Structures are given as C-alpha cells and as structure tokens.
Amino acid sequence: MSIFSKNTPATENESSASNEEVVQEYVAPEEVVSSASSPEQVTRLESPARSSVLSKPSIISEGFTFEGTITSDGVLNIAGTVRGKITAKSVLIDSSGQVDGELNSEQLVIKGQLKGDVNCEDLNVGPLAYVDGNISYKYIHIQRGGKVAGKFIKS
C-alpha cells in the first residue's frame, strides 16, 4: 500500500503517471491547510518541525574513540574517548568517558575525565570525575569526591 494513497492498495500495473497524480492529490490538501489562518491548523503544521528539533541523544559508546570535531544542537553522551573539539547544547561525560580537547556547551555533566579548555554555562562535576584545564562557567556544582585542577573562571 502506498503511503500517499487513500487506503487503496497499489498494484504493480499502475503507471508512473498515476503515481504522480496520487502525489499531486497529497500535496494539494497541504497547500490548502498552510494557507488557512486558523491557529489550530498552523499548530498542526508546526508540530512536525518541532519534533525534528527534539531528537535522541548522540552517543559515543564505551570502547569507541573519536578524533576530530563534533557539533550538535542537542544532547551528546560520551562513554568512550573523544579527542578534539566538541560543541553541543548539552554534554554528559559518563564515568567511563574521557574527553581531551576543547568543549563548548550550555550544560555539562562530568562523571568521567576531562582535560582541556571548557566554556559552559552550567557545570556539574560528579563524585568520580576528574577535571583539568581552563574552565569557564556561569554556575558550578562539584559533588563530594570530584577532583578539579587548572584554572576555573566564573563568567
């Protein structure tokens, strides 16, 4: 069954011309809805766009080593090793995770090891974490047992 059909099964004998007609039938209602001024209809159109922004986290798994630049508009979970530059909205360095390099993030939770230059808004250092480098932050929370070294700069 075609996803563009109106609950009618597609047959193998249909020509490409009839498939184009089915696509045109699907597109036409979308144009009518998008030109409507009702807030309910506009909200329905915006919902799929919003759901694409809210995505699953990206994961660097334990045993995996990444060297290079990572850029994400979402969440990045690191259980493996990253050497390089990271820019993400939110970063979690798991207890088995290691980062060596530059890290820019709004929220940063460190449970593993981090060495390098960090610029973040909200920094949370876990009880088994080790952090060393030039750390620029707005808010900081270091749990008992967390080890920190280097230069810490409140922005």
Side-chain angles (χ1 to χ4, degrees), residues 1-7 9-10 19 22-23 25-36 38-148 150 152-155:
M1 179 182 292
S2 171
I3 61 170
F4 298 112
S5 65
K6 294 184 179 180
N7 297 329
N19 285 341
V22 172
V23 172
E25 288 176 18
Y26 178 75
V27 172
E30 208 171 274
E31 290 172 1
V32 172
V33 172
S34 64
S35 65
S38 169
E40 291 175 88
Q41 291 175 339
V42 172
T43 302
R44 235 183 296 141
L45 287 175
E46 291 176 349
S47 294
R50 284 189 204 138
S51 66
S52 66
V53 172
L54 302 173
S55 62
K56 295 181 181 180
S58 300
I59 300 172
I60 304 295
S61 300
E62 189 172 354
F64 185 85
T65 300
F66 180 88
E67 294 185 13
T69 301
I70 299 174
T71 304
S72 172
D73 291 334
V75 177
L76 175 63
N77 291 348
I78 302 170
T81 302
V82 176
R83 291 184 192 100
K85 182 178 179 178
I86 300 171
T87 303
K89 182 171 183 169
S90 177
V91 177
L92 166 65
I93 302 173
D94 206 357
S95 58
S96 62
Q98 296 179 324
V99 172
D100 186 7
E102 183 182 336
L103 196 149
N104 299 296
S105 176
E106 287 181 22
Q107 293 183 329
L108 175 58
V109 176
I110 306 169
K111 296 180 179 180
Q113 296 182 9
L114 170 66
K115 293 181 183 178
D117 296 333
V118 175
N119 185 8
C120 66
E121 191 168 312
D122 188 12
L123 174 62
N124 188 331
V125 179
L128 302 175
Y130 174 74
V131 181
D132 185 9
N134 297 319
I135 315 296
S136 175
Y137 64 91
K138 188 171 182 180
Y139 305 103
I140 188 169
H141 179 79
I142 302 172
Q143 296 179 15
R144 183 178 301 175
K147 295 176 180 67
V148 295
F152 282 67
I153 304 160
K154 181 170 175 75
S155 57

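Just so we're clear, the structure is a prediction, and the values are computed from it rather than from any experiment.
A 4.5 Å side-chain heavy-atom check between Asp100 and Thr81 finds every atom pair outside the cut-off. The shortest side-chain heavy-atom distance between Lys85 and Thr71 does not fall under the 4.5 Å cut-off. With a 4.5 Å cut-off on side-chain heavy atoms, Pro127 and Arg144 do not count as touching. Under the 4.5 Å side-chain criterion, counting only non-hydrogen atoms from C-beta, Ile86 is in contact with Ile78.
Across all their heavy atoms, Gly116 and Ile135 have their closest contact at O-CD1, 4.0 Å. Ser96 and Ala79 make their closest contact through OG-O, 2.8 Å (heavy atoms, listed as atom of the first residue, atom of the second, distance).
With Leu76 as reference, Ile60 is the one residue of Leu103, Thr87, Val82, Ile60 to meet the side-chain contact (heavy atoms from CB on, under 4.5 Å) rule. The only member of Leu108, Val148, Leu114, Ile93 that meets side-chain contact (heavy atoms from CB on, under 4.5 Å) when paired with Val125 is Val148.
The list of side chain to side chain donor-acceptor pair (under 3.5 Å) pairs with a residue in residues 107-121, not counting sequence neighbours, reads Gln98-Gln113, Asp117-Asn134.
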All N/O donor-acceptor pairs, side-chain side in residues 61-70, below 3.5 Å, sequence neighbours left out:
{"unit_1": "Glu67", "atom_1": "OE2", "unit_2": "Arg83", "atom_2": "NH1", "d": "3.3"}

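In this structure, OG in Ser105 is found 9.5 Å from CG in Leu123, a value given to the nearest 0.5 Å.
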